[in-house]
Amino acid sequence: MNIAWTIAGNDSSGGAGITADLLSFHHLNVQGCSVITAATAQNAKGVEAVNLLSVEQIKSQISALKEIHAPTAIKIGMMGSTEIIDTLKECLTSIPAKIVLDPVMIASSGSSLCQAENKNYIQHLKKLLPLADLITPNLHEAAALIDADIHTQDDVIMAAEKILSFGAKTVVIKGGHFSRENLGQDYWTDGSSSFWLCGKPWPQKNYHGSGCVFSAAVAASLASAYSMQDALVLAKMLISRGMRLAKSHGENIAYLQHGGLSEDPDDLPIVTSSISDEIISFPSCKEIGLYPVVDSIDWIKKLLALGVKTIQLRIKEKADAALENEIRSAIQLARQFDAKLFINDHWQLAILHGAYGVHLGQEDLNTADIRKIHAAGLHLGISTHSPYEVARAHAWRPSYFAFGPIYHTNTKAMPFAPQGVDKLSWWRKVLKPHAVVAIGGINERNIADVVKTGVDGVAMISAITGADDYAAMVKYFIEVTQGGLPLRSP
Ligand code: TZP
Ligand code: MG
């Protein structure tokens, strides 16, 4: 099991601080260790006392853990004093772990959690920033860090850049509500790329524990070797579930519900480069069934003749007139057979010749005019391989999400490890309102396991194009994907 540390204060009411962090680690299958900086006396009404531990007490906890419980990731929450900040800087410099820094200064009730003049505290905090792989200020904390007000989206972007200039590797500024019906809008950047992470608009309250759970969940996901982008999406899902199920304490405060990763579609965020644009939804595409991905009109002819009803034409080699002729003929042929043909990459030609749909990879999302594909009435499928990519595709409400590789594949160079059917089953639940297509290394030996997850479509290349008897194989795959799960092999 991977190990994560939380360095934070204890919240006597149990909703935030060390308790929230250890629960989040536990729910994300990471072993948690703790270094307590303070014993706060607080409840839903407010903070009654902040009792900081001594620098020696903090150092001794770190030294006890250092050798035997070496962390893969560390979350730092409430530190409380400039001495404690300086101590942590000294102790953590030599520890090779990912560090997530939640610059807690004020409790959700509004009470101060740092025993120092804000300005002095912030000067020391800034010196800690070069150790941080991620800093997670909310709007108030970001404003305090840069010593300026934040009101607009542009203010957030500028604040993030300024915080990076203090030395943090990446920053997420949480809790924006700028547009699109008040979604919880977080802005992340590493200086060269950036995105907005937007969740459902739960009632506007102070969710006690939400900042702690968010940063702890990022640290836990990093400890489990997820990328920073994936970790942010998973953390957002955790707090979305927590806010949806939160227990109210009076009008303004609610205690976040602790728990594991959600299976509820309402907790899936979107990742987008712009929060000002209108949201669009593609026509849905259920009952996809067997979904061969092939590279020629010859294959399309053979598959249509066998009764295949959904096909992708994925041409990577041809260009110009040869490409256009192949795409035009394939679209005409598919129409004669009343089949759904998706054109990979070449969205302009797909629109021009009236294809049923377009299939795009993540890198294509940067260049294709997705609104034009939508306006032309085509369906859209998007490839995804990770939580970040699913959330990014989610911003477009595509006709289907292709998810993979489920198993090892030799067909395409893959920076992503096989995801397996367990992750596929989980995505099937989270993406309930949408169609899901499984892809990658699927063949006659494992297709029954894939179908059992309840996916809408099963995409395959080599199991069909490399088969000794492709016709027998295709007939078998059609049978299996149409709901019969025969135990025999073809
Ligand atoms: N995207 C994810 S896996 C994959 C693609 C295009 C290749 C699937 O090919 P095969 O031969 O079915 O493993
Ligand atoms: Mg592509």
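What you see below is based on every heavy atom in this structure, not just the backbone, and it leaves out hydrogens, waters and symmetry mates. Every number for a ligand or one of its atoms is a count from 1 in the order of the listing. These numbers were taken from a predicted model, which means no experiment stands behind them.
Of the residues listed (Lys432, Lys429, Arg244), the one engaging Asp267 in a salt bridge (charged side-chain N to carboxylate O under 4.0 Å, His left out) is Arg244, and it is the only one.
In this pair, Tyr356 and His379 present their aromatic rings parallel. The plane angle is below 30°, not in the 30 to 60° band. Note on ring orientation: taking the six-membered ring where Trp is involved, the planes of Trp299 and Tyr470 are perpendicular (angle over 60°, cut-offs 30° and 60°).
Salt-bridge formation is not detected for the pair Lys309/Asp338: no Lys NZ or Arg NE/NH1/NH2 atom is positioned less than 4.0 Å from an Asp or Glu carboxylate oxygen. With respect to Lys174 and Asp102, a salt bridge is recorded, a charged nitrogen being found less than 4.0 Å from a carboxylate O.
The aromatic ring centres of His258 and His26 sit 6.0 Å or more apart.
Inside a sphere of radius 2.8 Å centred on the Mg ion (ligand 2), the protein N/O/S atoms present are Asp345 OD1, Asp364 OD2.
Taking distance alone, with nitrogen or oxygen atoms compared against 3.5 Å, Asn410 stays at or beyond that limit from ligand 1. Taking only nitrogen or oxygen atoms, main chain and side chain alike, Ile461 reaches within less than 3.5 Å of ligand 1. For ligand 1, the polar-atom distance check against Arg314 finds no nitrogen or oxygen pair separated by under 3.5 Å.
Scanning all heavy atoms of the two residues, the minimum distance from Ala235 to Val218 falls at CB-CG2, 3.5 Å.
The side chain of Thr411, and not its backbone, has at least one atom closer than 4.0 Å to an atom of ligand 1 (non-hydrogen atoms only; side chain from C-beta on).
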**Message:** Would His394 and Phe401 count as a side-chain contact (heavy atoms from CB on, under 4.5 Å) here? Give the steps.
**Reply:** CA-CA 8 Å; His394 189 216; Phe401 291 71; 4.2 Å; yes

**Prompt:** Can Arg397 and Ile280 be said to form a side-chain contact (heavy atoms from CB on, under 4.5 Å), step by step?
**Reply:** CA-CA 7 Å; Arg397 311 294 199 272; Ile280 53 171; over 6 Å; no

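In this structure, atom 7 (C) of ligand 1 lies nearest to the protein heavy atom Thr409 OG1, 3.8 Å.
Distances from atom 3 (S) of ligand 1 to the heavy atoms of Gly466, Gly440, Pro292 show the closest one on Gly440. Residue Lys412 holds the heavy atom nearest to atom 6 (C) of ligand 1 of all those in Gln312, Lys412, His359, Gln419. Atom 2 (C) of ligand 1 has its nearest heavy-atom neighbour, among His408, Met414, Met460, in Met414.
Residue contact annotation: Gly441 has a non-hydrogen atom under 4.0 Å from ligand 1.
When the shell of 6.0 Å around NZ of Lys475 is examined, it contains 12 or fewer heavy atoms from other residues, nucleotides or ligands.
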